[in-house]
Each structure stands twice: as structure tokens, then as C-alpha cells.
Amino acid sequence: MAGFRHRLVRAAAWVVGAFTLAGCALIEIDGSMTTFDPAGPNARRLDDLFWMVFWIATAVFVLVMLGLAFILLVFRDRGQKEVREPKQLHGNAKLEVLWTVIPALILAAIAVPTVSAVFDLTGCDDDAMRVEVTGHQWWFEYHYPDYGFDTANVLVMPVDEEVCLEMTSEDVLHNFWVPAIHGKRYLVPGQITLLRFEADRTGTFQGHCAEFCGLSHSLMRAQVDVMSRADFEAWAAAQQVPTLVPGEGTLAYEGFEIYRNRCIQCHAMRFDQDDLSISIERSAFNGPDLTHFASRAVFAGAILPEGTESREDALKRWLADPPYVKPGSFMPNLALSAQEIDALIAFLGGTE
Amino acid sequence: MSDLAHDAAIADHPEHESTGVSNVKLGMWVFLSSEFLFFGALITNYLLYSNRSGFEGRYPADVYDIPFTSVSSFVLLMSSLTMVLAHNALSRGDQNGVRTWLFATAALGSVFLGGQVFEFTEFVTIYGATPATNPAWSAFYLLTGFHGLHVAIGVIMLLTLWGISRRRGDLSDKQGLNLEMVGLYWHFVDIIWIVIFTVVYLISVPPV
Amino acid sequence: MSAEHQEHPTPAQYWKIAAFLAVITAIEVAMYYIDQELELGVLNAGILVALSTMKFLIVVGWFMHLKFEKPLLSRFFTAGFLLACGCYLVVLSALGVVAVRGG
Amino acid sequence: MTATAQRPTTTVFRRPRSHTGFWSWITTVDHKRIGIMYGYAAFSFFVIGGIEALLLRIQLAQANSEFLTAGAYNALFTMHGTTMVFLFIMPASAAFMNYLLPLMIGARDVAFPRLNALSWWIFFFGGIFLYSTFFFGTSLAPIGPGGVTGNLAMGGGPGSFNFIASSPDGGWFGYQPNAGPLYSPGTAMDYWALGIQILGLASLVSAVNFIVTVFNMRAKGMRLLRMPVFVWMTTVVAFLLLFSLPIIAVALFMVTFDRQFGSVFFASTAGGDPILWQHLFWLFGHPEVYILILPAMGIVSEVLPVFSRKPLFGYSAVVFAGAAIAFLGFGVWAHHMFASGITPVAQAAFGLATMTIAIPTGIKIFNWMGTMWGGRLTLNTPMLFAIGFLAMFTIGGLSGVTHAVVPSDWQQTDTYYIVAHFHYVLFGGAVFGIFAGLYYWFPKLTGRLLNEKLGKTHFWLMFIGFNLTFAPMHWLGMQGMVRRTWKYPPEFGLGPWNLAVTIGSFVIALSILVFMINWYRSKRRGVASGMDPWDARTVEWMIPSPPPEHNFTDPPVVTRLDHFWHLKYDEDEEGRPVRRAEADALLERLEHEGNNPSSPIHLPNPSYWPILMSVGIPTAFWGIIYHTNTWGKALIVIGAVVILTSLIGWSIEPLEEPHGDDHRDDGSEHDFAEVGSGEESGDGVEDV
Ligand code: HEA
Ligand code: HEA
Ligand code: CUA
Ligand SMILES: [Cu+2]
């Protein structure tokens with residue numbers, strides 16, 4: 001029986017080790033994409049469901065493993081002389097019924113909250129504010145029908161009220177995911193899918209395109225700014241006004257010229273002089289609307305600026321060679337000179 | 001099922017537990033049962049897309065030539081008759097009958113294929129409808145095309161058998177079994193067309 | 001050939017069966033034109049499906065001799081058929097809804 | 001081999017006669033040799049797929065790594081998934097089925113030996129075809145709306161393409177329209193679609209073959225409910241293949257037509273529906289995952305009883321649970337699409353359907369534990385792997401149930417939590433099961449035992465490495481690490497655990513190396529195993545190891561489940577086995593008779609046609625990819641001609657050498673009306 005105790009000790013050691021490891025992990029990970037820190041009722045509902053099923057599954061697993069461990073410790077053949085041949089049991093109808101019914105019951109218990117949550121959490125309330133989300137390779141576009149402007153990469157929404165995302169894609173499948181606010185939903189070309197967004201805490205939340213959508217799927221991220229209703233209205237108002245054409249002769253104006261000759265092919269922009277404005281429809285190919293570019297914390301699919309990088313450096317890198325930063329990028333390398341880049345940065349810097 | 005296999009073994013096989021159905025025949029039926037899922041998928045595509053509204057250009061159902069297709073369907077249906085007559089002749093040892101009916105079946109099959117070729121060319125030339133026109137047409141061509149392919153393969157097998165019986169004057173047991181198998185295959189292709197003719201041609205109406 | 005316990009139909013019977021099939025086909029085509037006039041819609045579809053099912057069963061049962069074969073064969077055959085119907089109907093209904101608007 | 005003798009050579013269509021050497025392998029129709037070839041091919045692809053995985057892991061070892069380009073990464077995970085599923089697990093299972101099915105039901109061979117060879121060669125050339133993409137395939141930057149093309153970085157860098165990157169990169173389920181003509185231009189995805197098409201054809205042929213074999217070729221008394229569970233699972237899998245492959249075949253044809261012939265099934269611009277692809281793929285794809293696991297479950301059901309010295313607990317329950325899993329498996333596919341916007345009704349229905357599968361699977365798990373309960377457990381390597389399967393698969397299964405809780409799957413889907421789930425079921429399940437089988441039947445294959453020390457080292461290394469690799473993925477997924485991501489930023493804080501995963505994957509690699517060494521050494525210098533090293537229960541152990549070409553000198557007449565065991569053991573009044581006095585004499589007799597048949601035995605002849613025909617298929621498919629230019633068209637024609645000629649050759653090939661006193665034919669005098677109809681020759685093996 002010494003061997004038996006020995007084995008127990010070893011097993012215990014393993015378990016402790018595993019748990020400490022897991023513990024470290026919990027501390028170590030800051031988790032800006034974690035699903036365990038919900039910031040809204042929907043995400044919280046999902047979180048609760050997960051832990052419910054997680055603990056049930058864990059219980060089942062532990063029971064099975066205990067059974068297995070017992071069997072291995074007790075019935076293992078250690079070459080003892082005295083052990084006799086085992087009874088040749090062929091089965092037991094009662095047991096069969098038992099381990100058919102019990103799992104069935106457990107599953108039924110899981111099924112009830114599952115189904116109710118499915119129906120509660122799909123679709124939107126009709127009076128919810130609509131935001132039209134369009135997926136592109138590799139960035140998200142947001143259109144605010146009630147206010148009539150477009151923005152990109154950063155989704156801005158008011159706190160404590162439901163916002164209904166009406167989503168579609170312009171090219172391939174994408175999958176819009178902001179773990180803190182709700183689960184995922186595909187963006188399907190030619191179809192509309194709905195996602196009910198609601199946050200009960202202001203702040204900035206990270207998101208990511210979760211469906212494989214080609215070369216730069218890994219670089220298709222999203223950011224959500226949740227703010228008070230008042231701040232949101234202010235922001236929306238600011239977004240509605242067209243941006244100023246910089247004064248002649250300034251560096252910014254050179255940048256404006258470059259925009260008009262080159263960038264305009266893909267990037268729409270609304271100016272205070274209407275005749276200059278071009279809208280998405282008029283642009284040959286649809287890149288992000290740059291009207292209020294400077295008001296967005298991140299750009300290029302919400303991947304830039306990286307870490308502590310300054311916005312300038314990030315823009316420099318990007319404008320110098322987009323496909324290098326983002327493989328397959330539909331924005332080509334325009335072979336811009338250093339001062340052309342500076343001019344553009346100056347111009348874009350002014351688009352508050 | 002175990003008893004079934006057992007009876008069979010007692011009944012007509014001293015050496016094996018077995019269904020009492022020859023391997024080839026059993027295999028053929030098993031294979032045919034999977035063909036249902038093949039054509040099922042093709043028909044599903046067609047039903048899905050022929051009921052989606054808002055496609056470019058015409059829908060197949062707009063341009064079907066029902067009288068023409070009815071005739072070719074009738075032809076294929078009758079080829080099943082000739083096929084079964086060939087098989088029947090074989091079991092009566094009437095080798096000439098076998099040869100005649102085999103040829104008749106192959107001929108009818110070819111007529112059906114000709115009809116399909118004609119139909120396709122008509123659609124392409126008159127209505128400019130190609131697989132690229134819209135998903136409904138893609139589905140139409142894939143479905144009817146694969147059915148046509150099955151018919152073509154059947155015709156080849158029929159002619160091969162016919163050729164063999166011409167050369168050897170009669171069909172060996174093995175060839176005989178092959179004839180039965182080709183028969184099963186042929187009838188199956190026919191019943192698939194029975195479904196296609198009804199579901200795709202007669203029922204389907206373009207979405208409004 | 002193999003393990004058929006009942007009697008084969010005779011050629012005469014085969015001709016009769018074929019004639020019957022031909023008649024059904026004729027009725028089907030007729031239904032098509034009747035529907036053009038009367039707009040029967042679902043009813044028409046129902047009738048047509050019923051008729052073609054009849055044809056289907058006759059060909060399988062007599063021409064393919066399934067009626068005279070060991071039940072095992074029909075079991076396989078129907079298994080494939082039913083599975084196909086079941087799965088694809090679900091696919092169709094699922095897609096029919098999605099197209100309108102996703103949840 | 002006793003069954004060989006000299007005979008006059010005749011006719012143009014002589015059948016090949018060599019029984020040793022290269023040609024004998026090329027032309028063999030012996031299910032055992034075909035099984036062995038399947039096995040080696042599958043394992044080679046495992047190594048390739050594994051090395052692809054290791055490359056993925058090196059890239060992901062730390063944040064923002066640039067070891068691989070984006071294109072290369074996408075290509076590698078696509079090829080890794082495709083290889084492991086279609087070129088490793090499936091053929092590995094096929095290897096066991098081919099080798100064991102006839103032996104376990106007491107048959108001379110499968111019902112259609114030549115078709116069997118055909119399946120194998122089609123698979124083999126299918127694999128070659130798929131991998132030829134590395135040399136011939138191209139994949140280019142996507143073509144966006146308005147015909148604008150994406151751009152690749154000039155002169156290297158993460159944005160550029162390279163050797164690896166020019167192979168399929170649409171993911172193993174090639175979602176549309178991303179894998180379509182616009183967004184994956186170039187030929188790589190065509191290689192993928194057509195390659196899987198070929199592999200599917202191979203499996204379909206074997207499926208028919210195995211079903212007929214099981215229903216018609218069982219030795220006398222081997223009723224359906226006396227068959228070993230592995231045979232049952234083979235049958236179930238054969239039906240799953242039979243009914244699910246046609247679906248993927250159609251779906252792949254649609255893709256090929258979209259990409260090659262301008263149809264618009266999935267072109268969203270023309271109104272094509274990308275979700276249709278998902279339905280068709282998963283309608284195949286979910287049955288597929290049970291195709292991958294059920295053989296392993298069969299293997300485990302053979303190994304556990306032997307090393308518990310008890311019969312399988314609840315035999316019929318285990319069998320019917322297997323069938324139930326397969327049946328339910330056709331009704332749950334949309335659980336891969338919970339986030340795709342299908343209606344709440346559909347989501348709920350498929351969620352519930354998915355959960356129900358836990359019930360039959362549980363029945364299996366519990367019956368296996370019941371088998372071990374009160375037994376006398378020998379914890380040698382095969383047993384360890386079987387127990388490892390039990391534990392690891394349960395984890396994977398339970399995480400599967402957490403996906404079935406639809407709303408929580410909205411968070412999990414497309415993250416590493418899913419990657420964790422399916423590696424626990426695929427690696428912890430299927431792969432552990434396969435290794436259990438390898439250690440268990442190696443003596444049958446070679447007459448030698450694999451080395452236990454190395455075996456145990458292999459097991460523990462693999463067990464630890466496996467958990468180190470895949471357990472953290474659960475955590476990573478819930479921390480927001482999405483799948484198929486080539487890079488992740490440091491601020492997500494995923495680095496440390498990804499490093500652990502990478503280390504784990506190399507530990508697995510090491511364990512596989514140990515196994516390879518063990519195999520290599522034991523094949524030559526392993527301890528002789530004798531005929532019945534494990535005191536086994538099933539009839540494949542009633543013949544010498546390695547088995548003679550004709551398997552059974554006279555097929556067993558089976559009296560009950562575990563026939564062989566009951567020949568060796570009686571039960572005392574307490575129901576405990578007592579070895580019969582004559583048991584050892586019996587074994588000796590069986591061994592002697594097995595090797596020296598009194599009367600010559602009829603076996604199907606080898607044939608050239610299967611391999612020839614299967615060369616034609618990839619040839620034609622290469623042609624399809626390049627059909628726009630003349631030599632493409634030429635290839636199609638050549639392929640078609642090769643296939644047709646071999647078809648004709650096949651059908652008029654003489655069933656035996658005329659006047660040959662070599663009895664290796666299947667009895668052309670066979671009356672096909674009744675199976676085998678009495679006379680011994682060929683035992684119903686039809687030379688088709
Ligand atoms: C061997 C292959 C295999 C097997 C056996 C399974 C088994 C199961 N799988 Fe898995 N699955 C895959 C391979 C497999 N899966 C793959 C490859 C994918 C990803 C494809 C891709 O996206 O690339 C996937 C993805 C996948 C998804 C989609 C996730 C997503 O993409 O969002 C889901 C969702 O429901 C799922 C569920 C299940 C369930 C419920 C089972 C069940 O069969 C499990 C049943 C077993 C148990 C439950 C454990 C034992 C039972 C007991 C101990 C009884 C008591 C238990 C209870 C009462 C709960 N799987
Ligand atoms: C049975 C199937 C199977 C198996 C066995 C494996 C085995 C492994 N898998 Fe795989 N995996 C899949 C099926 C499988 N996988 C599927 C279907 C996908 C989805 C693909 C997709 O998303 O499209 C996937 C995806 C997948 C991913 C996610 C990629 C992504 O989403 O970005 C990762 C990442 O870590 C991964 C890792 C591994 C590792 C480390 C192993 C290891 O266990 C491998 C161990 C084997 C070896 C290491 C080779 C043998 C060892 C040697 C030859 C030793 C000598 C050689 C050297 C040391 C170089 N797999
Ligand atoms: Cu968009 Cu991934
Ligand atoms: Cu699944």
C-alpha cells in the first residue's frame with residue numbers, strides 16, 4: 001500500500017502545480033480582449049452562461065477522472081500472486097439506463113437557459129439607435145443614418161442604451177467581435193445581420209475581426225468608444241460639420257493638393273466648400289472617409305499607432321508603404337516623398 | 001438485422017454469414033443510396049436560387065420549353081422499359097432480345113442527350129443564358145449537366161455490353177450480372193430525372 | 001437473377017406498367033398547363049409531387065425489382081433517400097429565412 | 001508463400017504474378033499490404049502536417065513575430081488542417097480498417113479486392129496532387145470591389161509572398177467568397193478543391209467496399225452482433241462516408257466551377273449566397289469529425305477489454321451508441337454557424353441537437369470505465385494510450401458541450417478556445433486512439449513487440465506535451481485570441497501562454513521521434529511476440545503473426561462474441577475465467593495449420609489496372625486547372641484516355657491465368673447469382 005500513498009502524493013503535487021500555474025496566468029494577463037470582464041448586459045449574460053456550463057462540465061470531468069483514478073489505483077495488476085481472475089461481467093441494464101438518463105437531465109438543465117438567452121439576445125429593439133457597419137478588407141466602416149456621416153475603425157456609442165448594428169460586408173465574410181460588449185456576428189456580403197450593442201460603462205474597448213478574411217485578417221481590428229449621451233451628441237455634431245480647406249501656402253495645403261490629386265480616388269471627404277467635397281458614391285473605390293480622420297485614435301484597421309508609437313511615426317510608416325504594414329492592402333505604395341508625407345500628415349492633422 | 005443475416009446464411013450460403021445478395025448487387029444498391037445525397041444537393045441549389053428574387057437577367061423557369069422537355073422526359077422514361085425488357089430477355093436466355101433491347105435503350109438514351117444538348121444551345125444562343133448569368137442558371141446547368149453526364153456514362157456502358165454480346169454471341173454470367181447492374185444504374189438515372197422534370201421544370205416558377 | 005423469391009413480371013406486364021407511367025407523365029404535363037390557367041399554386045405542386053412520387057415508386061419497385069428483393073436493399077435505399085430529403089429540407093428552410101435578414 | 005506455383009504464361013492480358021518485391025506492392029490486391037501502405041503514407045503526412053504546425057507555433061511563440069509572412073502563415077494553417085484531417089487521420093483509420101476488417105470477421109479479403117487497391121492508389125495520388133500545389137500552385141493578392149487589386153510589399157517583408165505562401169490559403173473549410181475566384185486568385189485553391197475531390201472519391205469507393213464486406217463476407221456464425229466493436233465502428237464510418245461525401249463533392253464542384261468556368265454560385269456580387277457553402281460544407285463537415293473519431297473509439301473498445309481481462313462492458317450499448325452518434329451527427333452541422341446570422345429558432349434547435357450527442361458518447365465513456373472496473377489492468381503502452389484517449393477526449397467533448405450553449409459560443413467561436421476543443425478531440429481522441437492501435441496490433445503486423453520502455457517514454461512525453469500545447473489554448477481563446485491570426489499585438493498580453501504552447505508542441509514532436517525510433521528498432525530487433533502476445537479475445541489473433549497471405553487456412557466457425565477467448569477459457573461457477581487445459585495445444589495447432597494449408601487456397605490475382613486508373617484522375621484534374629491553355633486540354637484528354645483504357649482492361653482482365661495451376665484466382669466459375677454459392681474458391685470474393 002506504500003506505493004498507493006506514494007502515488008496519491010504525486011497526484012496531489014501535480015494538481016497543486018497546475019493550479020499555481022493557472023493562478024499566475026490570471027495575474028499575468030491584462031486581457032484588453034478578455035471575455036471575462038463584460039461591460040454590458042449582453043456580454044454579462046454570455047459570461048454567466050459560460051461559467052454555468054463551465055462549472056457543470058468541470059464537475060462532470062472531475063467525477064469521470066475520480067472514477068478513472070480509483071479504477072487505476074485499485075484494479076491495476078501489480079503482479080501480486082494472490083489476485084484472482086476478474087469476474088466476466090457483460091453489462092448491466094440498470095447502469096445503462098442510469099448513465100443515459102443522468103446526462104440527459106444535466107443537458108436539459110443546460111438547455112433551458114441556453115434557449116431563452118438565444119431568443120433574448122438576437123435581433124434589436126425597434127427604437128434602438130441604428131449604426132450601419134460595413135466590413136472591408138481589412139477595416140470596419142460605420143455609418144450613422146440618423147446623423148448622416150461615415151467614420152471608420154472607431155465605433156462611438158452612447159452608454160446605457162441599446163445601439164443596433166446593422167451589418168453587411170462589401171467583399172468577403174468578416175466577423176465583428178468586441179468581447180466586452182457582445183459576442184460575435186458575421187458580416188455577410190449581400191445580407192444584413194443584426195447585433196444588439198449595449199454598454200453600461202464608459203471607456204474604450206478593443207475588438208477584432210474574428211472570421212478569416214484573407215491576407216490581413218490578423219490586422220483587422222476595431223475600437224469602441226463608449227461615452228455619455230451628452231458627449232456622444234457633441235461628438236456626432238462635430239462629425240457632421242465638414243472639415244476646413246487649409247489656408248493656401250501652408251504645408252497643410254500642399255497635403256490637401258496631394259489629397260485632391262491622388263487620395264481622392266479612394267477616400268471620400270466633406271469640405272466646407274461643397275464643390276470640393278466628394279462622397280463615397282463618387283469615389284471609384286471605397287477607402288475610409290477621411291473627413292474627421294484626426295478625431296480617430298487609431299487608423300489602418302485600428303492597428304496603428306502601435307503600442308507607444310506616436311501618431312506621426314505611425315502615419316509616416318503607413319504612408320511610406322501601406323502593403324508592408326498591411327499585407328494585401330488595397331492602398332498601394334504611392335511612392336510618396338518624405339516632404340509629401342509630411343504635407344499629408346499636416347493636412348490630416350487638421351481634420352479634427 | 002443479425003437474424004436476417006443469419007437466415008440468409010442458412011438459406012443460401014454454407015460458408016458465410018451473408019445477406020444472400022451478390023456482392024456486386026449489394027454494392028450497387030449501396031452506391032445508389034449515396035447518389036441521392038449527390039443529386040439532392042444539386043436540386044437544393046437549384047431550388048434555393050430559382051426562388052431568390054432580384055437576379056440579373058432571366059430565370060430558367062422563364063424560358064423552359066415544356067413541350068420539348070416533356071417529349072425528352074418521355075423518351076428517357078421509355079428507355080427504362082427497354083432496359084428492363086433487355087434484362088428480362090436475358091433471364092429467359094433470349095440473347096437476340098438482349099441485344100435488340102440493349103441497343104434500343106442506348107439509342108433512347110442518346111436521343112435524350114441530344115435533346116439536352118439542343119436545349120442548352122437554345123438557352124445559350126437565344127436567351128444568352130450561361131452559368132455566369134446568375135446563380136439560378138449556374139445551378140440549372142450544374143444539375144442538368146451532372147444528370148446528363150450520368151446518362152452519358154450509362155449509354156457507354158450499354159454500348160459496351162451490346163458490343164460484347166455482338167462479339168461473343170451471348171453474355172456470360174458475369175456479363176449478365178453486369179447487365180443487371182447497368183440496368184439498376186440506368187433506372188436510377190431515370191428516377192432522378194422523374195424528380196428533376198417535376199420539381200425543376202413543371203413546378204418551379206420564377207420569384208415575383 | 002439473384003435471390004428473387006416472387007415471380008418476375010412478364011414482358012406484357014412491363015409494357016402495361018410503362019403505359020401507365022406514360023399516362024401519369026401526360027397528366028403531369030397537363031397539370032402544368034391547367035395551372036397556367038387556374039393558378040392552383042400549392043395544390044398544383046402537391047398533385048405534381050404526388051404523381052411523380054407514384055412514378056418514382058413504380059420504377060423502383062418493378063423496373064428495379066426492389067419489390068422482389070431482400071428487404072435489406074430497400075432499407076439502404078430508403079435510408080439514403082430519407083436522409084437526403086431531411087437534411088436538404090432543413091438547409092432550404094434555414095437559408096430561406098437568412099436571405100431576408102439575419103438574426 | 002505456399003499459394004504460389006509455376007504456371008504457363010498466356011494472353012496479352014496476363015495478370016501480374018510477382019508476390020515479392022516492388023511490383024508485388026504496385027499490383028497487390030491484398031488487403032493487408034494495402035493497409036500497410038495506407039499506414040506509412042498517413043504517418044508521413046502526419047509528420048509533414050506536424051512540421052507545418054511547428055512552423056505555425058514558432059511564428060506565434062511571441063507577439064508581433066515576423067518569422068513567417070502573412071501569406072505563408074495562412075497557407076500553413078490551411079495545409080496543416082487539410083493534411084491532418086484528409087491525409088493523416090482518414091488514411092490512418094483506413095489503414096486499420098483495411099488490415100483488420102477481413103481478419104476480424106474471418107474473411108480471406110474484402111469483397112472487392114481490386115476496388116480496394118483502387119481506393120488506395122486514388123488516395124495516394126490525391127495526396128500527391130494536393131501537395132503538388134507547393135510547386136505549381138500560385139496565390140495572388142485579392143481583387144476587391146471595382147476590380148481594384150490588393151498590393152503586396154515589394155522586396156520581401158511581411159507583406160510579400162514566397163514558396164510556402166503560394167499554396168492554398170483559404171482555411172481548411174475554404175469559406176466563400178474568400179476562397180473564390182476574386183479573393184483568392186491563382187491556382188492554389190483549385191489544387192485544394194480538386195485535391196479534396198480526389199481524396200473523397202477514394203473514401204467513397206472504400207466505403208462501398210467495406211459495407212459489402214461486412215454484410216457478405218463474415219465467417220460462419222459471425223453474426224452482426226458478434227462482430228468486434230472495431231468492425232462495427234468501421235461499418236458506421238463507412239455509412240457516414242457514403243452519405244456525407246456526395247455533399248462535399250457537390251460543394252467542391254460548385255467552387256471549381258466558380259473558379260474555373262465562370263459560374264456564380266458564391267459570387268455575392270451576382271447574388272450568390274456565401275452561407276450556402278457553409279451549410280453544404282458542414283453538412284459534410286460534422287459527420288466528418290465523427291468519421292475521424294469513431295475508428296479510434298473502435299480501437300479503444302478492442303484494447304481496453306484485453307488488458308482488463310474482462311469482456312467489453314455493455315457491448316450492444318457501445319455499438320448502438322456508435323450508430324446513434326453517427327445518426328445524430330447529420331443533424332447538428334449548423335453549430336459551426338452560430339454566429340452567421342441564422343435565425344434564433346435554427347440556433348436553438350441546432351444547439352439542442354448538438355447537446356444530445358453528449359448522451360451516446362457518454363454511454364461509451366461510462367461503458368469503457370465499466371469494462372476496466374473490477375478487471376486486472378495491465379498498464380502497458382497500448383493500455384496507457386487507450387486510457388489517455390478516455391481522459392483527453394472527455395475534456396474535448398465537454399468543451400464541445402460548452403460550444404453547444406449557443407450564446408457562449410458567440411464568444412468562443414473563431415477563437416483559440418475552438419482550436420483547443422478540436423485538438424483535444426482530434427489529437428487527444430483520434431491520435432491517442434491510433435497510437436493505442438499501433439502498439440496493440442504491431443505484433444500482428446510484424447510478429448514482434450514494440451519496446452515497452454521507449455513506448456512508455458513516448459506516451460508520457462506526448463501526454464505532457466499535448467496538454468502543455470492545447471490546454472492553454474482554452475485560456476488564450478477566452479482572453480480574446482482569434483483563430484488564424486498570423487500576428488497578435490503585445491498589449492493583448494497573450495505572449496507567455498503562446499510560448500508555453502510552442503514549447504509543448506516541440507515536446508510532442510520529440511515524443512513522435514521516440515516513437516519513430518521505437519518502430520524502426522522493433523521491426524528489426526523487437527522481442528518475438530508469438531501468435532497471441534496479449535491473450536487476446538478476437539479472431540484476428542487465431543492466425544500466425546504476421547498473417548499468411550490467405551489469412552485463414554480454414555475460416556473460424558464463430559460461436560459467440562470474443563470467440564477466440566472462449567476457445568481458450570472456461571468460466572467457473574463464480575464467472576471467473578479458467579484457462580482450458582488444451583488451450584496451448586490449440587494455439588500451436590492454429591499456428592501450424594495457419595502457415596501450412598493442407599489444400600491450396602484461392603486468392604484474387606494482383607492487377608495493374610487500379611494504379612493505372614488512379615494515375616489518370618490527377619492527370620485529368622491538373623488539366624482542369626490549366627484548361628485554358630492547350631497543354632491543359634491535352635492533360636484532360638490524356639487523363640480521360642488512361643482512365644477509359646484501364647476501365648476496359650479492368651473489365652476484360654481474365655479472372656485467372658488460363659490453365660494456371662496457381663490457385664490465386666477468385667474462381668471464374670463462380671455463379672454470381674448466389675454469393676460464393678457453395679464452392680470454396682474465393683469465398684465470395686468477387687474480382688471487381
Ligand atoms: C474528432 C472530432 C470531433 C469530435 C468527436 C467533436 C465532438 C463534439 N463537438 Fe466538435 N469540432 C471538431 C471536431 C470534433 N468535435 C472540429 C474539428 C471543430 C472545428 C472545425 C473548425 O471550425 O475548424 C469542432 C467544432 C465544434 C463546434 C463549433 C464551434 C465553433 O466553431 O463555434 C461545436 C459547437 O457546438 C462543437 C461541438 C461538439 C460537441 C457537442 C461534440 C460532442 O460529440 C462531444 C461529446 C462528448 C462528451 C460530452 C464527453 C463525454 C461524455 C460524458 C462524460 C457524459 C456526460 C457529459 C455531459 C452530461 C455533458 N464542435
Ligand atoms: C487530427 C488533426 C490535427 C492534429 C493531429 C493537429 C496537430 C497539431 N496542431 Fe492543428 N489543426 C487541425 C488539426 C490537427 N492539428 C485543424 C483541422 C486545424 C484548423 C485549420 C484551419 O483553421 O483551417 C488546426 C489548426 C491549428 C492551429 C491554429 C492555427 C490558426 O488558427 O492560426 C494551431 C496553432 O497552434 C495548431 C497546432 C497544432 C500542433 C502544434 C499540433 C501538434 O500536435 C503536431 C505534432 C506533430 C508533429 C510535431 C510532427 C511529428 C514530429 C516529428 C516529425 C518530429 C521531428 C520533426 C521536427 C521536430 C521538426 N493547429
Ligand atoms: Cu475581416 Cu477577418
Ligand atoms: Cu461539428
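Lettering of chains follows the sequences in order, A, B, ..., and the numbering in each one begins at 1.
Of the listed residues (A/Ala93, A/Pro113, A/Ala111), the one with the most heavy-atom contacts under 4.5 Å to chain D is A/Ala111. Considering only heavy-atom pairs separated by less than 4.5 Å from chain A, the leading option among D/Ala321, D/Pro489, D/Ser268, D/Pro311 is D/Pro311. When the candidates A/Asp120, A/Leu187, A/Thr100, A/Thr58 are compared by the number of heavy-atom contacts under 4.5 Å with chain D, A/Thr100 comes out ahead. Note: D/Met478 leads D/Lys310, D/Glu571, D/Arg484, D/Met478 in heavy-atom pairs under 4.5 Å with chain A. Among A/Ala104, A/Pro103, A/Ala43, A/Gly67, the residue with the largest count of heavy-atom pairs under 4.5 Å with chain D is A/Ala104. In terms of heavy-atom pairs under 4.5 Å with chain D, the best-connected choice from A/Gln206, A/Lys87, A/Glu85, A/Glu306 is A/Glu85. Among the candidates A/Ile56, A/Ile102, A/Leu89, the residue making the largest number of heavy-atom pairs closer than 4.5 Å to chain D is A/Leu89. Between chain A and the options D/Gly271, D/Gly171, D/Ala339, heavy-atom pairs under 4.5 Å are most frequent for D/Ala339. Ranked by heavy-atom pairs under 4.5 Å with chain A, the list D/Ser184, D/Gly575, D/Ala179 is led by D/Gly575. Note: D/Arg309 leads D/Glu574, D/Arg309, D/Met372, D/Met337 in heavy-atom pairs under 4.5 Å with chain A. Highest contact tally toward chain A, considering only D/Leu379, D/Leu352, D/Val345, D/Leu312, is held by D/Leu379 [criterion: heavy-atom pairs under 4.5 Å]. Chosen from A/Ala57, A/Ser329, A/Gly307, the residue pairing most often with chain D at heavy-atom distances under 4.5 Å is A/Ser329.
The part of D/Trp565 that comes within reach of chain A is its side chain, from C-beta onward, which places non-hydrogen atoms under 4.5 angstrom from that chain. Only the side chain of A/Leu95 has a heavy atom closer than 4.5 Å to any heavy atom of chain D. In this structure, chain A has no heavy atom under 4.5 Å from any part of D/Phe266. The contact between A/Trp177 and chain D is made entirely by side chain atoms (from C-beta outward), counting heavy-atom distances below 4.5 Å. Heavy atoms of D/Ile363 lying under 4.5 Å from chain A belong to its backbone as well as its side chain. Interface residue A/Trp138: only side-chain heavy atoms are found under 4.5 Å from chain D. Residue D/Asp572 does not touch chain A at all, counting heavy-atom pairs closer than 4.5 Å. Within the 4.5 angstrom heavy-atom criterion, only side-chain atoms of A/Leu219, from C-beta onward, approach chain D. Looking at A/His182, the atoms closer than 4.5 Å to chain D (heavy atoms on both sides) sit in the backbone and in the side chain alike. At a 4.5 Å heavy-atom cutoff, the contact between D/Phe338 and chain A is made by backbone atoms alone. For D/Thr371, no part lies under 4.5 angstrom from a heavy atom of chain A. No part of A/Asn42 comes within reach of chain D, as not one of its non-hydrogen atoms sits under 4.5 angstrom from that chain. Contact of D/Ile143 with chain A is made through the backbone alone, with heavy-atom distances under 4.5 Å. In this structure, the portions of D/Gln412 lying under 4.5 Å from any heavy atom of chain A include both its backbone and its side chain.
The two residues D/Pro274 and A/Val188 make their nearest non-hydrogen contact at CG-CG1, 4.0 Å. Scanning all heavy atoms of the two residues, the minimum distance from D/Ser340 to A/Thr193 falls at O-CG2, 4.1 Å. Between D/Thr394 and A/Phe61, the closest heavy-atom pair is CG2-CD1, 4.3 Å. A/Pro86 approaches D/Ser308 most closely through the heavy-atom pair CG-O, 3.8 Å. Listed here is the closest heavy atom pair of A/Ala210 and D/Asp414: O-CB, 3.2 Å. D/Trp410 approaches A/Leu121 most closely through the heavy-atom pair CZ3-CB, 3.6 Å.
At least one side-chain heavy atom of A/Ile110 sits less than 4.5 Å from a side-chain heavy atom of D/Val405. Considering only heavy atoms from C-beta on, D/Pro142 comes within 4.5 Å of A/Gln137 through its side chain. Side-chain contact between D/Tyr183 and A/Cys213 is absent, with no heavy-atom pair separated by less than 4.5 Å. D/Phe366 has its side chain out of reach of A/Glu96: every pair of non-hydrogen atoms, C-beta onward, lies at least 4.5 Å apart. In this structure the side chain of D/Leu182 never reaches within 4.5 angstrom of the side chain of A/Asp171, judged on heavy atoms.
To the nearest 0.5 Å, atoms CD (A/Gln88) and CG (D/Asp562) are separated by 9.0 Å. Taking CG from A/Leu173 and CD1 from D/Ile275, the interatomic distance works out to 6.0 Å, rounded to the nearest 0.5 Å. Rounding to the nearest 0.5 Å gives a distance of 8.0 Å between NE2 of A/His90 and CG of D/Leu561. For the atom pair D/Met355 CE and A/Thr114 OG1, the distance stands at 3.5 Å (nearest 0.5 Å). To the nearest 0.5 angstrom, A/Phe54 atom CZ is 9.0 Å from D/His474 atom NE2. One finds the OG1 atom of D/Thr415 at 5.0 Å from the NZ atom of A/Lys184 (value rounded to the nearest 0.5 Å).
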* Starting from the C-alpha separation in whole Å, work towards a yes-or-no answer on side chain to side chain contact (heavy atoms under 4.5 Å, CB included) for D/Leu152 and A/Leu215. => CA-CA 10 Å; D/Leu152 296 171; A/Leu215 265 180; 3.6 Å; yes
* Would you sort out whether D/Leu377 and A/Leu72 count as a side chain to side chain contact (heavy atoms under 4.5 Å, CB included), showing the intermediate values? => CA-CA 8 Å; D/Leu377 310 184; A/Leu72 290 181; 3.9 Å; yes
* Give the intermediate values and the outcome of side chain to side chain contact (heavy atoms under 4.5 Å, CB included) for residues A/Met33 and D/Met481. => CA-CA 8 Å; A/Met33 282 281 290; D/Met481 180 165 177; over 6 Å; no
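Listed for the A/Ser218 side chain is a donor-acceptor partner under 3.5 Å among the backbone atoms of D/Trp486. In this structure, the side chain of A/His217 engages the main chain of D/Arg483 through a donor-acceptor pair within 3.5 Å.
Salt bridge annotation for D/Glu491-A/Arg221: present, with a cationic side-chain nitrogen under 4.0 angstrom from a carboxylate oxygen.
Counting only N and O atoms by type, the side chains of D/Gln411 and A/Asp47 include no donor and acceptor under 3.5 Å apart.
You'll find the ring centres of D/Trp172 and A/Phe212 outside the 6.0 Å limit.
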